[in-house]
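Inspection log for the structure reproduced underneath, given as C-alpha cells.
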There are 2 protein chains.
Amino acid sequence: MAKQSRKELIIREAAIIFKQKGYSATSMRELAEKVGIEAASLYNHIRSKDEILEEICFSVAHEYLSFITEIEEANQSHSEKLAHLIETHVKLMIERPNEVSVANNDWKNLSEPKKKLYKEVRKGYENRIANILTKGMQTGEFKQINVSVALFTLLSSLRWIELWYKPNREISPEELQADLTTFLVNGLKK
Amino acid sequence: MAKQSRKELIIREAAIIFKQKGYSATSMRELAEKVGIEAASLYNHIRSKDEILEEICFSVAHEYLSFITEIEEANQSHSEKLAHLIETHVKLMIERPNEVSVANNDWKNLSEPKKKLYKEVRKGYENRIANILTKGMQTGEFKQINVSVALFTLLSSLRWIELWYKPNREISPEELQADLTTFLVNGLKK
DNA sequence: CCTACCGATCGGTAGG
DNA sequence: CCTACCGATCGGTAGG
C-alpha cells in the first residue's frame, strides 16, 4: 500500500515533467530529484521509464473509453450526446491535465507492442464518436459534411484545451463548456 | 548555391524524422544516414541540431505571419476573413506537412532565447486572429462567446489537420476546406 | 566529406 | 533507498 502510493507519486511527478519538456527530453535523474530520491531508487517502484509512459497513456485511454460507453447508452438526442461528450472532455482535462497532455503528445514514444495497441484503442474510440455523428446526419439532426472532418474538428477542439486553459483564468469551466457547445454543436446542427 | 541546397536537404529530411519520432528522440546519426553522409559531416552544413529546429519553427512562423497580414488587409466581411484563414491553413499543411507538424509539436525543445521569441511571435499571431473575432462579434456578425474559446477552437481544429489528413484520402483539399468552413464559420455566425 | 575520437549523459543493474 | 558503476549512445570537434 505504501509502495503503491510511492509509485503513484512517481507517475504523477513524471506526468508534470513529461508535459513540460516531453518524454524523450526528460531524464530519470531529473524525475528522481523531483521525487526526492536517487535515480537508481526509482527502479524499486517502476520497471523502466517506458512503463511510466505506458501507465499514463493507458490510464487516460481507459477513462475515455468508460465515458463513451456511458454516452452511447444514455437516452439522448445526438446533439445532447455531443454536448455530454464535450462536458466529459473538459472535465477530464481539468481533473488530470498532465496525464491527458502526455497521452496526447507522447504516445509516439511508447515501445512497440504497446504503441500499436494504443493506436487501436484510440481508433476504436474515434469510431464510436464517428457513429454518433453519422447517425445524427442520417436523422437530419446534423448537417451533411464529411464525417472525418466533423470528427477530427470536434476532437481537436477538445484536445487543445489542455494547452491554453487554466482554471481561474478569465473563464470558468462552466462557461468554457457552454461556449464550446454553442460553437461546436450549433456548428453541426442544421 | 550547392551548399545552400545541401542544407535545405538536411532540414527537409530532419523535418520528416522529427515529425515521426519527435526532436529529442531523433539522433544526428539517424539524420545523417537518411541524408547519406556521416554524422560528423552534417556539421559542415549546419551548426547544431538546435539550428535545424530553429530554422523549421521560424520559417513556418513567418509564413503564417505573411498570410495574416494579407487577410487583415483584404476588403472582406469577418466571415470571409475566417474562411480565407481556414483556406490558408489547409494549404500550408498540405504543402509543408512536416515543417508545420514540427513547429507545432517540437517548439518546446527550442533553446532559450529562441523559445521565448517563438512564443511571442505565436502570441502575436493569435492576437491578430482574436481581433478579427472580436470585431465580428461587435458588428453582430458572430455569436457572442468568449473570444479565447472561439480563437483556440478555431486554431486547434486547423492545427490537427496535419495529424490525420492525407491528400488522396477519401476527401479532396477543396472538400476539406468547404466542410471546415461550414462547420466552423457557420458555428460562429449568428 | 571522412576517420577518429571526446566528454557528457543516458537508462538501468549489482549488491548491500 | 543508496553507492558505485556499466555499456551505449548522445551532440559535437579536430584534423585532414
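A note on names: the letters A, B, ... follow the listed sequences, proteins ahead of strands, and every chain is numbered from 1.
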Say whether Asn105(B) and Arg159(B), considering side chains only, have a donor N or O and an acceptor N or O under 3.5 Å apart. yes
Considering Watson-Crick and G-U wobble pairs with both distances under 3.5 Å, what does dC6(D) pair with? dG11(C)
same_hphob_cluster(Ile94(B), Leu184(B)) at 4.5 Å side-chain heavy-atom cutoff: yes
Is dG16(C) paired to anything, Watson-Crick or G-U wobble with both distances less than 3.5 Å, and if yes, which nucleotide? dC1(D)
Rounded to the Å, how far apart are Ile37(B) CD1 and dC1(C) C1'? 7 Å
State, without any angle test, whether Ser157(B) and Ser157(A) hold a side-chain donor-acceptor pair at a distance under 3.5 Å. yes
Taking the six-membered ring for Trp, are His84(B) and Phe67(B) closer than 6.0 Å centroid to centroid? no
At under 4.0 Å between heavy atoms, which parts of nucleotides 9-16 of chain C does protein reach? Answer with one letter per nucleotide, 5' to 3': B base, S sugar-phosphate only, - none. -BBBB---
Applying side-chain contact (heavy atoms from CB on, under 4.5 Å) between His45(B) and each of Ile11(B), Ile10(B), Ile52(B), Val35(B), report the one that passes. Ile10(B)
